[in-house]
Colleague: 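Here's a structure for you.
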Amino acid sequence: MRLSQYFLPVLKEVPANAEIVSHQLMLRAGLIRQSAAGIYSWLPLGLRVLKKIENIVREEQDRAGAVELLMPTIQQADIWRESGRYDDYGKEMLRITDRHDRELLYGPTNEELITQIFRDGVKSYKDCPRILYHIQWKFRDEIRPRFGVMRGREFSMKDAYSFDLTEEGARKSYQKMFISYLRTFERLGVKAIPMKADTGPIGGDLSHEFILLADTGESEVYCDKALIDMEVPGVDIDYESDLEPILQQWTSHYAATEEMHDADKFSKEVPDEKQRISARGIEVGHIFYFGTKYSEPMKCEVQGPDGKLIPLEMGSYGIGVSRLMGAIIEASNDENGIIWPKSVAPFDVGIINLKPGDEQTDTMVEKLYSELGNLGIDCLMDDTNERAGGKFKIMDLIGLPVQMIIGPKGAKNGMVEVKDRKTGERSDMSIEQATALFK
RNA sequence: CGGGGUAUAGCUCAGCCUGGUAGAGCACUGGUUUUGGGAACCAGGGGUCGCGAGUUCGAAUCUUGCUGCCCCGACCA
């Protein structure tokens, strides 16, 4: 993509309305624009990142055996009455009336709808277990939206729902999602630690929040350092094998959010003070098992081998997709701007032409651009007439992981200056060497 | 929902107290010079001063009602 043809409105100054660094940077780097409190438009660069996050989430859901579908944003009030939540949910639910005075709502979550779909589509135990998911926009009319996309009212979320015949089966589904989450966050380039969460009236040990560690996180979290260094299961993980040992490995160490924290227990379980981590965290995922909470009132049952009806054991598994963009920036930025992890960067490489119009420079830039393009590398090429300093600032601000800079001096010697955004390291090399970095 | 703040150009803000023809910097357009870390100069374009009502000869400025947005608290992926 040529910057001269792109839409990238960047801001030099810090917007007055943005408090935290990720929000400021998202506005400044031209990723989003606010449309109303807690509601944002996604500009081209931001949309690219959003899709990258979505795709990683999707790939890891698929790998774990979950099946994607898509439910609407608008739902009928009826099914919420079936579960009994229509009156319970309160003002957070945005209620809408259509022209026929029918009661609708903008979905804040999808347990009811997915339960209805599954109930109507599946009648036999032979069609279980299943995990279904979708990635969709939700709306929760938060009393006070804040922190940009980290607590918006409209937000994109991946939510998965599991349907099992037995509690034991549900545990297996839970484990699959747990591991899939470890892999997802690893691939997104962030450290997210599973922490035991309150299971409410259901009880048991099957509820975890995945907390991304970032200095500017909203809440204090405590965990054993061992968790930070723990190895995440690889691509070759067999989701049909016994996953219990991996769960044990990850859940046997102390990890708690502020609400669940017990200082005495912490020092007892992690005697070495150096191993005790207390940090700030952002919740980016939440998984839990809730049994027959919806399947019973909504009659989501299948017939077992003996002909008896079995209410399904369910769980739900959320990842805050749009929130993650803010969270990743919170975890990865410096005074010059965003530093994208490679896997979610809107472009792989930013090419700077320091002097458009200089024949030697132009030729070399075009060659680099097309050769990288041929390798399937996404490049954003700054071919504008902005001054050099401005180009550097913008490129640093938008945080592409690798910058390739060509000016008349370098072009004369056939040299590209390759800069690593994260470390700031620069080195001069030929086009061949530069493209070889991606082979 | 309680408390506090704020609303003037695309962005950051001044002007308001003490009413009298709408301002600055950045951004934008044209020009000259400049050209490796947000350049200088010259000339321009851009605003029903959030909306409504009132006071007044005259309102960005005073009064009043409403709305949006932000912050703190309680609530939350």
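The model shown is predicted, which means the values in this text are computed figures rather than measured ones.
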Colleague: Can you find a donor-acceptor N/O pair under 3.5 angstrom joining the side chain of A/R144 to the base of B/G4?
Modeller: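 Such a pair does not exist between side chain and base.
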
Colleague: Side chain of A/R323 only, please: which of B/C76, B/C1, B/C71 is the nearest?
Modeller: B/C76

Colleague: Between B/C11 and B/C70, how far apart are the two P atoms, rounded to whole Å?
Modeller: 14 Å

Colleague: Rounding to an integer number of angstrom, what distance separates B/C17 and B/U33 when you compare their C1' atoms?
Modeller: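 Result for the C1' pair: 46 Å, nearest Å.
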
Colleague: Rounding to the closest angstrom, what is the interatomic distance between B/U8 and B/A24 at atom C1'?
Modeller: 12 Å

Colleague: Do any of residues 360-371 of chain A sit with a heavy atom less than 4.0 Å from RNA chain B, and if so which?
Modeller: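 Heavy-atom cutoff 4.0 Å gives no residues at all.
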
Colleague: How far does the P atom of B/U48 sit from the matching atom of B/U34, given to the nearest Å?
Modeller: 40 Å

Colleague: Distance between the P atoms of B/C62 and B/G5, in whole angstroms?
Modeller: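 Roughly 15 Å separates the two P atoms.
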
Colleague: Summarise protein proximity over nucleotides 26-31 of chain B in one line of letters, 5' to 3': B for base, S for sugar-phosphate only, - for none, counting protein heavy atoms closer than 4.0 Å.
Modeller: SS----

Colleague: Sticking with atom P, work out how far B/A27 lies from B/G2, rounded to a whole angstrom.
Modeller: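 Those two atoms are separated by 44 Å.
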
Colleague: Can a donor-acceptor pair be found between the side chains of A/Y289 and A/S207 at a distance below 3.5 Å?
Modeller: no

Colleague: Do you see a donor-acceptor pair shorter than 3.5 Å between the side chains of A/K412 and A/Q360?
Modeller: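 No, no side-chain donor-acceptor contact under 3.5 Å.
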
Colleague: Applying side-chain hydrogen bond (donor to acceptor under 3.5 Å, both in side chains), name anything that partners A/E258, two or more places apart in sequence or on another chain.
Modeller: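 Residues passing side-chain hydrogen bond (donor to acceptor under 3.5 Å, both in side chains) with A/E258: none at all.
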
Colleague: Check every atom of B/U12, B/G37, B/A77 against the side chain of A/A16 and return the nucleotide holding the closest atom.
Modeller: B/U12

Colleague: Using the side-chain contact (heavy atoms from CB on, under 4.5 Å) rule, take A/L368 and A/V365 through it: C-alpha gap first, then chi angles, then the decisive distance, then the call.
Modeller: CA-CA 5 Å; A/L368 179 66; A/V365 165; 5.8 Å; no

Colleague: Consider only side-chain N and O atoms of A/E103 and A/Q76, and report whether a donor and an acceptor are under 3.5 Å apart.
Modeller: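 Result is no, nothing qualifies.
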
Colleague: Is there a residue in residues 134-142 of chain A whose heavy atoms reach under 4.0 Å of RNA chain B, and which residues are they?
Modeller: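 Per residue number, the list reads A/R140, A/E142.
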
Colleague: Out of B/A74, B/G38, B/G36, which has the shortest distance to the side chain of A/I394?
Modeller: B/G38

Colleague: Near RNA chain B, under 4.0 Å by heavy atom, which residues of residues 333-349 of chain A?
Modeller: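 Result for residues 333-349 of chain A: none.
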
Colleague: Test your reading of the model: is there a side-chain donor-acceptor pair from A/R153 to the backbone of A/A37, 3.5 Å cut-off?
Modeller: yes

Colleague: Taking the side chain of A/K393 as its heavy atoms from C-beta onward, which of B/U34, B/C1, B/G37 lies nearest to it?
Modeller: B/G37

Colleague: What are the residues of residues 19-53 of chain A, sorted by number, that bring a heavy atom to within less than 4.0 Å of RNA chain B?
Modeller: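 Correct list: A/E19, A/R28, A/Q34, A/A36, A/A37.
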
